[in-house]
2 protein chains.
Amino acid sequence: MKTQLQNYLNRYASFSSEEIDRFYNYLTPRTFQKKEFLLKEGDICKNKFFIIDGLIRLFNIDNKGHENIIHFGIENWWTTSFESFITEKPSLLYMQALEKTTVLSINKENLEKAYQNIPKLERVFRITTENMLIAIERKNEFYTKMSSKERYDFFIKKLPSFAQRIPQYMIASYLDITPEYLSELRKG
Amino acid sequence: MKTQLQNYLNRYASFSSEEIDRFYNYLTPRTFQKKEFLLKEGDICKNKFFIIDGLIRLFNIDNKGHENIIHFGIENWWTTSFESFITEKPSLLYMQALEKTTVLSINKENLEKAYQNIPKLERVFRITTENMLIAIERKNEFYTKMSSKERYDFFIKKLPSFAQRIPQYMIASYLDITPEYLSELRKG
DNA sequence: CCTATTTCTTAAGATATCTTAATTTTTAAT
DNA sequence: ATTAAAAATTAAGATATCTTAAGAAATAGG
């Protein structure tokens, strides 16, 4: 795990093994079983999670009781409920493992200490947050430009192997389509 | 302008006047007239803009020729087409002043120098990027949870004075509603 | 294997929202 | 003030997508 983290961090700035060790001490490894929740609506999201391995989804439940998947997280992504983590208010989001998932988690206090201790981490998180924004910008982009059918085709074409890791009704949810309608789209 | 920037930066970390000066030297003040474009689709977005005063909109044009406003930017916000700025590929977005707008702009090269020169800036941009993410997270949130009518009412209620600065058809665009339908919603 | 659970499909009727196009109102420019 | 341009409204018909409900297929657990 430490090696994986090291490879990841060194993408963005160069860290000595000693620095990696220091950062690593702030992190707590945790494993979540399939279907287990990392976070539920109403909880205050106290951690950022670095996904070592596995798959998680971030979603909310609307007033009709429908789940809306906001994004998926896979290995080498940091994930959290940003708003809750930063404002320390109850989260509106759920975070759930879709496969057995191993993460390194860090709470706010330790993260702040780590920033003080290893300022280069500011850079890493500045960049990963930018990458997150780009991912969202792209999603919004293709949302506004495409019909349901087009979004689905695009998704399947772009991420064929990923699409096979998740049930179709979750793809539907992510693409903001009802599973029934997606089923029709696939037929026609 | 320098004072405004200083106040802004000191929200996130403490900077000496000397550091502010150093950063300020990397920045170029520019003024855009109402309706002038800061960026057009196809351009590579070479700058981040810190809005001193005024109002801009970021939007794309879909394959039906409709404008979709992604967000507005006002004083004390950094704005850019993230994807284009970071990847240095042509932007899919337009950026346009809706009022006479003064900005401080910085290009990638200078920003990178500034990061080297004043590492605390990594922190500032890490945090502003996080704030951006939160804003987007909130927008997506209220998008998935609300009908068109609800989105409009919510927007007007939350930002009554801001709503008066922009034409109704742009609010419609931002809320992903056709102007005609918004007009109906307002009536009923 | 067998059963239970989860996921996917079908189809009919409902509806929120869009399209088009014309008209009115408001705002800006000379 | 007058005209031109921009923005907002109206209304009718069209459609993409949802809802509900039921049944079929696939997958996973014991």
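Values in this document were obtained by computation on a predicted structure and should not be read as measured data. Convention: sequence-line order gives letters A, B, ...; per-chain numbering from 1.
- Between the CD atom of B:Q164 and the C1' atom of D:dA7 there is a distance of 16 Å, rounded to whole Å.
- For C:dA16, neither phosphate oxygen OP1 nor OP2 lies less than 4.0 angstrom from any side-chain nitrogen or oxygen of B:K149.
- The CG-P distance, from A:L185 to C:dT10, rounds to 12 Å in whole Å.
- Judged by distance alone, the side chain of A:S183 and the main-chain N or O of A:P179 form no donor-acceptor pair under 3.5 Å.
- Under the ring pair (Phe, Tyr, Trp, His ring centres under 6.0 Å) criterion, A:Y181 pairs with no residue at all, not counting sequence neighbours.
- The environment of A:R30 atom CZ is sparse: at most 12 non-hydrogen atoms of other residues, nucleotides or ligands sit within 6.0 angstrom.
- Rounded to an integer number of Å, the gap from CG of A:N63 to P of D:dT19 is 11 Å.
- What separates NE2 of A:H66 from C1' of D:dT17 is a distance of 13 Å, to the nearest Å.
- If you measure from atom CE of B:M146 to atom P of C:dT17, you get 13 Å, rounded to the nearest angstrom.
- Between B:K100 and B:D53 no salt bridge is recorded (no basic side-chain N to carboxylate O distance below 4.0 Å).
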Please enumerate all protein N or O atoms sitting under 3.5 Å from an N or O of nucleotides 8-10 of chain D, with distances to 0.1 Å.
{"from": "D:dA8", "atom 1": "OP1", "to": "B:Q168", "atom 2": "N", "distance (Å)": "2.8"}
{"from": "D:dA8", "atom 1": "OP2", "to": "B:Q168", "atom 2": "N", "distance (Å)": "3.2"}
{"from": "D:dA8", "atom 1": "OP2", "to": "B:Y169", "atom 2": "N", "distance (Å)": "2.9"}
{"from": "D:dT9", "atom 1": "OP1", "to": "B:R186", "atom 2": "NH2", "distance (Å)": "3.3"}
{"from": "D:dT9", "atom 1": "OP2", "to": "B:Q168", "atom 2": "NE2", "distance (Å)": "2.5"}
{"from": "D:dT9", "atom 1": "OP2", "to": "B:S183", "atom 2": "OG", "distance (Å)": "3.0"}
{"from": "D:dT9", "atom 1": "O5'", "to": "B:S183", "atom 2": "OG", "distance (Å)": "3.1"}

Could you write nucleotides 25-30 of chain D as a row of B, S and -, 5' to 3', where a protein heavy atom under 4.0 Å of any base atom gives B, of only sugar-phosphate atoms gives S, and otherwise -? ------
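- At least one cation-pi condition fails for B:R123 and B:Y12: the charged atom is not both under 6.0 angstrom from the six-membered ring centre and inside a 45 degree cone around its axis.
- Remark: C1' of C:dA16 and CD1 of B:I177 are 11 Å apart, rounded to the nearest angstrom.
- Taking the charged nitrogens against the carboxylate oxygens, A:E99 and A:K34 have no contact shorter than 4.0 Å, which rules out a salt bridge.
- Residue A:S148 is classed as a sugar-phosphate contact, given heavy-atom separations below 4.0 Å to backbone atoms only.
- Here the P atom of nucleotide D:dT17 and the CG atom of B:D176 are 12 Å apart, to the nearest Å.
- Cation-pi contact between A:R57 and A:F59: present, with separation from the ring centre below 6.0 Å and deviation from the ring axis of at most 45°.
- Between A:E88 and A:K108, at least one side-chain N (NZ, or NE/NH1/NH2) sits under 4.0 Å from a carboxylate O, which counts as a salt bridge.
- Residue B:T178 places no side-chain N or O under 4.0 Å from the OP1 or OP2 atom of C:dT17.
- Closest non-hydrogen pair, A:I106 versus A:F23, comes out as CD1-CE1, 3.8 Å.
- Taking atom CG of B:L175 as the reference point, atom P of C:dC18 lies 11 Å away to the nearest angstrom.
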